[in-house]
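Note sheet for the following structure.
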Amino acid sequence: KLGEMDKTVLLKGLATGWNYKKKANLITDNQIFITSISNKLSGDNLNNIKKLMTAWGLKTSESNDTIDATIINIKTIVEAMKFDKKEFIVKAGKEVIINIENPDAMQHNLVIGKPNTLAIIGKAADKMITQTDAMDKNYVPNLPQIITASPLINAGASFQLKFTAPSTVGNYPFICTFPGHWRLMNGVMKVVR
């Protein structure tokens, strides 16, 4: 029931103050709750909750195939309609986890498309503004050119996007498809061998 900032403060307090030699016996409801929190966190907060879960004998939601994943941390830039990265590199066919943080005052998403599809996806997203169900679709057009997409991420929230990188080497655009954002909020995911 706590707000995002209060949850973060509580998590930091628990993580920094907990004696990791001390085990905890959580009731089932609390085990489910802590595991559900771990699915929504990223960056330092995710690392902190993982330490607590290990100390408390809980399994994280990560499977063995994501332990070796490439982890990318990306943020939106406040009042700039840009991501803090213009490009990042991943290996072909490897698991990827993108931790997306949105400190901006408006909603954003992150959509990855096939090579040379930036304008195709962006223009299709712009046309969604007239659709009554566009918000329900997170302003992600239904196109075969889209590889993966996050939902719209609220102001001050974060999201963890997990996927397998394409097996074909190339430059894959990533954009925010909230109408009008894609022209400024874009970059390149470079897939290498």
Side-chain angles (χ1 to χ4, degrees), residues 4 38-43 45-46 61-63 65-66 68-193:
E4 290 303 315
S38 72
N39 294 332
K40 299 173 186 171
L41 297 174
S42 62
N45 290 333
L46 180 60
S61 60
E62 289 183 334
S63 60
D65 60 340
T66 60
D68 293 327
T70 300
I71 298 174
I72 306 295
N73 296 312
I74 192 165
K75 289 182 182 180
T76 61
I77 299 176
V78 177
E79 297 180 8
M81 295 255 292
K82 291 182 180 178
F83 292 108
D84 68 348
K85 286 183 175 54
K86 280 302 276 181
E87 67 178 48
F88 58 87
I89 298 171
V90 298
K91 289 186 179 177
K94 186 168 177 149
E95 292 298 307
V96 179
I97 298 172
I98 302 178
N99 296 315
I100 311 160
E101 290 186 51
N102 182 22
D104 199 9
M106 59 176 49
Q107 291 180 315
H108 297 291
N109 65 10
L110 190 142
V111 176
I112 299 175
K114 294 179 181 176
N116 304 312
T117 60
L118 174 72
I120 294 168
I121 296 169
K123 288 176 183 175
D126 283 348
K127 290 179 182 175
M128 291 184 76
I129 200 158
T130 59
Q131 297 176 12
T132 56
D133 62 347
M135 192 69 118
D136 295 334
K137 294 178 179 177
N138 294 291
Y139 288 104
V140 177
N142 185 13
L143 296 173
Q145 290 88 347
I146 293 175
I147 294 169
T148 189
S150 78
L152 285 171
I153 304 165
N154 291 328
S158 60
F159 182 81
Q160 192 172 72
L161 182 62
K162 297 179 183 181
F163 63 100
T164 302
S167 56
T168 305
V169 170
N171 294 330
Y172 294 74
F174 66 86
I175 65 174
C176 173
T177 57
F178 196 96
H181 290 197
W182 67 274
R183 287 177 178 84
L184 295 173
M185 290 191 79
N186 64 71
V188 177
M189 177 181 77
K190 295 188 172 189
V191 177
V192 300
R193 285 271 168 249

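- Taking the side chain as every heavy atom from C-beta outward, Lys137 and Met128 approach each other to under 4.5 Å.
- In this structure, Lys114 places its NZ atom where only 12 or fewer heavy-atom neighbours from other residues, nucleotides or ligands lie under 6.0 Å away.
- Interatomic distance, Cys176 SG to Ile153 CD1, rounded to the nearest 0.5 Å: 8.5 Å.
- Under the 4.5 Å side-chain criterion, counting only non-hydrogen atoms from C-beta, Leu118 is in contact with Ile175.
- Smallest separation of non-hydrogen atoms from Val78 and Asp104: CA-OD1, 3.7 Å.
- Looking only at side-chain heavy atoms (C-beta outward), Leu161 and Ile100 come within less than 4.5 Å of each other.
- Contact check for Thr117 versus Pro173: side-chain heavy atoms found under the 4.5 Å cut-off.
- Salt-bridge check for Arg183 with Asp126: passed, with a basic side-chain N closer than 4.0 Å to an acidic carboxylate O.
- Annotation: the span from Phe88 atom CZ to Ile71 atom CD1 amounts to 13.0 Å, rounded to 0.5 Å.
- Atom NE2 of His181 and atom OH of Tyr139 lie 9.5 Å apart (nearest 0.5 Å).
- For Ala125 against Pro141, the heavy-atom pair with the smallest separation is N-CG, 3.7 Å.
- Between Met189 and Glu87, every side-chain heavy-atom pair lies at or beyond the 4.5 Å cut-off.
- Contact record, Ala92 with Arg193: CB-NH1, 3.7 Å, taken as the closest heavy-atom pair.
- Atom CG of Asn171 has more than 12 heavy atoms from other residues, nucleotides or ligands within 6.0 Å.
- Phe174 pairs in a ring-ring contact (aromatic ring centres under 6.0 Å, His included) with only one of the listed residues (Phe83, Trp182, Phe163), which is Phe83.
- When atom types are taken as modelled, the side chain of Asn102 and the backbone of Met106 share a donor-acceptor pair closer than 3.5 angstrom.
- Counting only distance, with no hydrogens or angles, the side chain of Asp84 and the backbone of Lys75 share a donor-acceptor pair below 3.5 Å.
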* Given side-chain contact (heavy atoms from CB on, under 4.5 Å), test Thr164 with Lys94 step by step and report yes or no. => CA-CA 6 Å; Thr164 302; Lys94 186 168 177 149; over 6 Å; no
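- Atom CG of Asn142 is surrounded by 12 or fewer heavy atoms from other residues, nucleotides or ligands within 6.0 Å.
- Using a 4.5 Å heavy-atom cutoff, the side chains of Met185 and Thr76 are in contact.
- Residues Thr177 and Asn109 have side chains that bring a donor and an acceptor to within less than 3.5 angstrom of each other.
- With Lys86 contributing its side chain and Asn186 its backbone, the two residues share a donor-acceptor pair below 3.5 Å.
- Considering all non-hydrogen atoms of both residues, Ala69 and Val96 come closest at CB-N, 4.3 Å.
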* Under the side-chain contact (heavy atoms from CB on, under 4.5 Å) criterion, do Thr168 and Val191 qualify, and how do the steps go? -> CA-CA 7 Å; Thr168 305; Val191 177; over 6 Å; no
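- In this structure, the separation between CD on Gln107 and CG on Asn154 is 4.5 Å, given to the nearest 0.5 Å.
- Taken from NZ in Lys162 to CG in Asn99, the straight-line distance is 9.5 Å, to the nearest 0.5 Å.
- Using a 4.5 Å cut-off on side-chain heavy atoms (C-beta onward), His108 and Leu152 make no contact.
- For the atom pair CD1 of Ile121 and CD1 of Ile146, the computed distance is 5.0 Å after rounding to the nearest 0.5 Å.
- Side-chain atoms of Lys190 do not come within 3.5 Å of backbone N or O of Val169 as any donor-acceptor pair.
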